[in-house]
Amino acid sequence: MPEDIKKNWHLYAVIGVLAWFVLSGKKDSDKEPAKPKVKTVQKIVDESMESYRSNIADAFGETAVNILEGKVKTGKQLWEDLSPKTTKARESAFAGVDELIEKSLPRNDKDELGEEASSFIDSISQAFKKGK
């Protein structure tokens, strides 16, 4: 046996064990495909509320700066400045809830709602009531 192998036998053993683990492990094609994470109604509502709070804070903060800079000088201008910002904040924050309703609302081929739709919408109501 060469002298190099005698001195470094432990290194070759470690390399051999690692190679065995790598070569004997499951192949990517053998693994189950990753399942997409499904958000609960409560999680979607909570995320929307957090986003809404942040977006509304930004909207009011921008308008406050506009008042200090003299861009907003009257009550009418305040609403003209703030209203589009708060509308955008709401629409953006609740896009997840809107998507949930669009994709998951139980209805038939004629777009008619039944009792299941009432339960589904009530689950969203309960999620808003519960909150964080």
Side-chain angles (χ1 to χ4, degrees):
M1 194 181 287
E3 192 64 32
D4 184 47
I5 294 176
K6 286 182 182 177
K7 286 183 181 178
N8 297 313
W9 68 269
H10 58 285
L11 179 62
Y12 292 107
V14 169
I15 291 171
V17 169
L18 288 173
W20 180 79
F21 277 116
V22 169
L23 295 175
S24 68
K26 282 187 171 183
K27 297 177 185 137
D28 287 342
S29 61
D30 295 340
K31 295 179 183 175
E32 291 183 28
K35 295 178 183 175
K37 293 184 179 181
V38 177
K39 290 184 182 179
T40 63
V41 171
Q42 188 66 56
K43 178 92 170 145
I44 292 169
V45 167
D46 289 345
E47 288 175 353
S48 293
M49 291 303 293
E50 289 174 28
S51 179
Y52 187 56
R53 280 192 291 274
S54 175
N55 293 349
I56 287 291
D58 291 345
F60 276 85
E62 290 172 16
T63 296
V65 169
N66 288 343
I67 292 169
L68 284 176
E69 293 177 349
K71 296 176 186 173
V72 174
K73 297 178 182 179
T74 66
K76 181 181 177 189
Q77 288 177 336
L78 171 80
W79 293 117
E80 289 170 351
D81 186 75
L82 191 58
S83 182
K85 293 174 186 171
T86 58
T87 298
K88 182 179 176 186
R90 181 181 40 77
E91 289 172 354
S92 174
F94 292 104
V97 174
D98 294 343
E99 181 180 0
L100 172 68
I101 293 169
E102 184 61 36
K103 288 183 175 181
S104 302
L105 180 66
R107 52 191 155 194
N108 66 19
D109 294 339
K110 295 179 182 179
D111 197 35
E112 297 170 334
L113 307 178
E115 288 182 31
E116 303 88 16
S118 175
S119 296
F120 173 71
I121 295 298
D122 189 54
S123 73
I124 296 173
S125 169
Q126 295 306 314
F128 275 107
K129 287 178 183 176
K130 182 177 179 186
K132 276 190 165 183

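This one's a predicted model, so the numbers in the text were calculated from it and none came from an experiment.
Side-chain N or O atoms of S92 include none that pairs as donor or acceptor with a backbone N or O of A89 at under 3.5 Å. Distance alone, capped at 3.5 Å, places no donor-acceptor pair between the S125 side chain and the I121 backbone. Between the side chain of T87 and the main chain of S83, a donor-acceptor pair closer than 3.5 Å is present. Remark: side-chain polar atoms of S123 are paired, donor with acceptor, to backbone N or O of F120 under 3.5 angstrom. Here the side chain of Q77 pairs a donor or acceptor atom with the backbone of K73 at under 3.5 angstrom.
Shown are N66, V72, I67; of these, the side-chain contact (heavy atoms from CB on, under 4.5 Å) with E69 is made only by N66.
Across all non-hydrogen atoms, the minimal contact from V97 to I44 is N-CG2, 3.9 Å. Contact between M49 and F94 at its shortest, heavy atoms only, is SD-CZ, 3.7 Å. Summarising the geometry of R107 relative to E102, their closest heavy-atom pair is NH2-O, 2.7 Å, with the distance given to 0.1 Å. Across S48 and A93, no two heavy atoms sit closer than the pair OG-O, 3.1 Å. Of all the heavy atoms in A127 and V45, the pair that sits closest is CB-CG2, 3.7 Å. Taking every heavy atom of both residues into account, A117 and P106 meet most closely at CB-O, 3.5 Å.
With values rounded to the nearest 0.5 angstrom, I56 atom CD1 is found 12.5 Å from K88 atom NZ. In this structure, CG on L105 lies 10.0 Å from CD on E116, to the nearest 0.5 angstrom. Rounding to the nearest 0.5 angstrom, the gap separating the CG atom in D58 from the OG1 atom in T86 is 12.5 Å. Here the CH2 atom belonging to W79 is positioned 12.0 Å from the OG1 atom belonging to T74, to the nearest 0.5 angstrom. Here T40 contributes atom OG1 and D46 contributes atom CG; the two are 7.5 Å apart, rounded to the nearest 0.5 Å. For the atom pair CD of Q126 and OG of S119, the computed distance is 11.0 Å after rounding to the nearest 0.5 Å.
Cluster membership check: L82 does not share its hydrophobic cluster with V65, using side-chain heavy-atom separations under 4.5 Å among Ile, Leu, Val, Met, Phe, Trp and Tyr. Under the 4.5 Å side-chain contact rule for hydrophobic residues, L113 and I101 share a cluster.
Contact of the D81 side chain with the K71 side chain is not registered, since no non-hydrogen atoms from C-beta on lie closer than 4.5 Å.
Between E112 and K110 there is no salt bridge, since no side-chain N of the basic residue sits under 4.0 Å from a carboxylate O of the acidic one.
In this structure, F128 places its CZ atom where more than 12 heavy-atom neighbours from other residues, nucleotides or ligands lie under 6.0 Å away.
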